[in-house]
Amino acid sequence: KHHATYVANLNVAEEKLAEAQAKNDVSSIISLAPALRFNGGGHLNHSIFWQNLSPNGGGEPSGELLDAIKRDFGSFEAMKTQLSASTVAVQGSGWGWLGFNKQTKRLQIAACPNQDPLEATTGLVPLFGIDVWEHAYYLQYKNVRPDYVKAIFNKANWADVAARLAKASK
């Protein structure tokens, strides 16, 4: 339901943007930026999130993804620790991310507030995202965000993350 709402609101904002552009109404174009960012980000983030998870997920990644994690963080456990700490520390609602920096060709940890999309706001290509809006975990984990963040690694679809890294690395 949440994702569908972001898509519906993004569609409305895009329609208003097209109208404003047709009228060359720069003020209206500018005023639509927050709606486009929030709803577009919500759509982008959730589209990645659903693919990043699997009922058969978990364990450790392998191949080039694991090699990159070891190179950039020292170990898989060190990456999990850093990503978890950054994600749990998000104030209010937002996302924790494992991203790829195309300039340095390295993995990086980042956090974004609200529905800010990782690539548009930081330049990092999103590989693995953790949604820390309360609606993502409240029913099962109440207000214990660290337990949710720890558990999400048990559902991580490392094959999807590896495919995103391979595409980003080209």
Q | Backbone of Lys1 reached by a side-chain donor or acceptor of Thr5 within 3.5 Å | A | yes
**Q.** side-chain hydrogen bond (donor to acceptor under 3.5 Å, both in side chains) partners of residues 107-128, not counting sequence neighbours, each pair once
**A.** Tyr6-Gln115, Arg37-Asp116, Asn45-Gln115, Trp95-Gln115, Asn101-Gln108
**Q.** Identified side chain to side chain contact (heavy atoms under 4.5 Å, CB included) counterpart of Val149 within the set Leu83, Val144, Val132
**A.** Val132
Q) Do Val90 and Arg145 pass the side-chain contact (heavy atoms from CB on, under 4.5 Å) test, and can you show the C-alpha distance, the side-chain angles, and the key distance before you say yes or no? A) CA-CA 10 Å; Val90 170; Arg145 183 184 284 182; 3.7 Å; yes
Between [X] and [Y], which heavy-atom pair has the shortest distance, and what is it?
| X | Y | answer |
| --- | --- | --- |
| Pro61 | Leu66 | O-CD2, 3.5 Å |
| Ala151 | Tyr141 | CB-OH, 3.1 Å |
| Leu127 | Gly99 | CD1-C, 4.0 Å |
| Pro34 | Ser31 | CD-O, 3.4 Å |
| Pro126 | Trp97 | CB-CZ3, 3.6 Å |

Got a list of side-chain donor-acceptor pairs under 3.5 Å for residues 10-20, not counting sequence neighbours?
{"unit_1": "Asn11", "atom_1": "ND2", "unit_2": "Val7", "atom_2": "O", "d": "3.3"}

How long is the span from the [atom1] atom in [X] to the [atom2] atom in [Y], to the nearest 0.5 Å?
| X | Y | atom1 | atom2 | result |
| --- | --- | --- | --- | --- |
| His46 | Asn52 | NE2 | CG | 12.0 Å |
| Ile152 | Tyr137 | CD1 | OH | 11.5 Å |
| Gln103 | Leu124 | CD | CG | 9.5 Å |
| Tyr148 | Asp131 | OH | CG | 5.0 Å |
| Thr81 | Phe76 | OG1 | CZ | 10.0 Å |
| Leu118 | Leu44 | CG | CG | 10.5 Å |

Listing request: all salt bridge (charged side-chain N to carboxylate O under 4.0 Å, His left out) pairs with a residue in [range], at least two apart in sequence or in separate chains.
| range | answer |
| --- | --- |
| residues 46-56 | none |
| residues 154-166 | Asp160-Arg164 |
| residues 63-73 | Asp72-Arg106 |

Q. Taking only residues two or more places apart in sequence or in another chain, which ones pass salt bridge (Lys or Arg N to Asp or Glu O under 4.0 Å) with Glu77?
A. Lys80
Q. Can you check side-chain contact (heavy atoms from CB on, under 4.5 Å) on Phe38 and Asn9, steps first, answer last?
A. CA-CA 9 Å; Phe38 184 78; Asn9 290 337; over 6 Å; no
Within a strict 4.5 Å, meaning less than it, do heavy atoms of the [X] and [Y] side chains meet?
| X | Y | answer |
| --- | --- | --- |
| Phe100 | Ser169 | yes |
| Ile29 | Ser27 | no |
| Leu165 | Phe128 | no |

Q) In this structure, are over 12 heavy atoms from other groups packed under 6.0 Å from Lys150 atom NZ? A) no
Q.
Assess, by modelled atom type and distance only, whether the side chains of Trp50 and His3 contain a donor and an acceptor separated by less than 3.5 Å.
A. yes
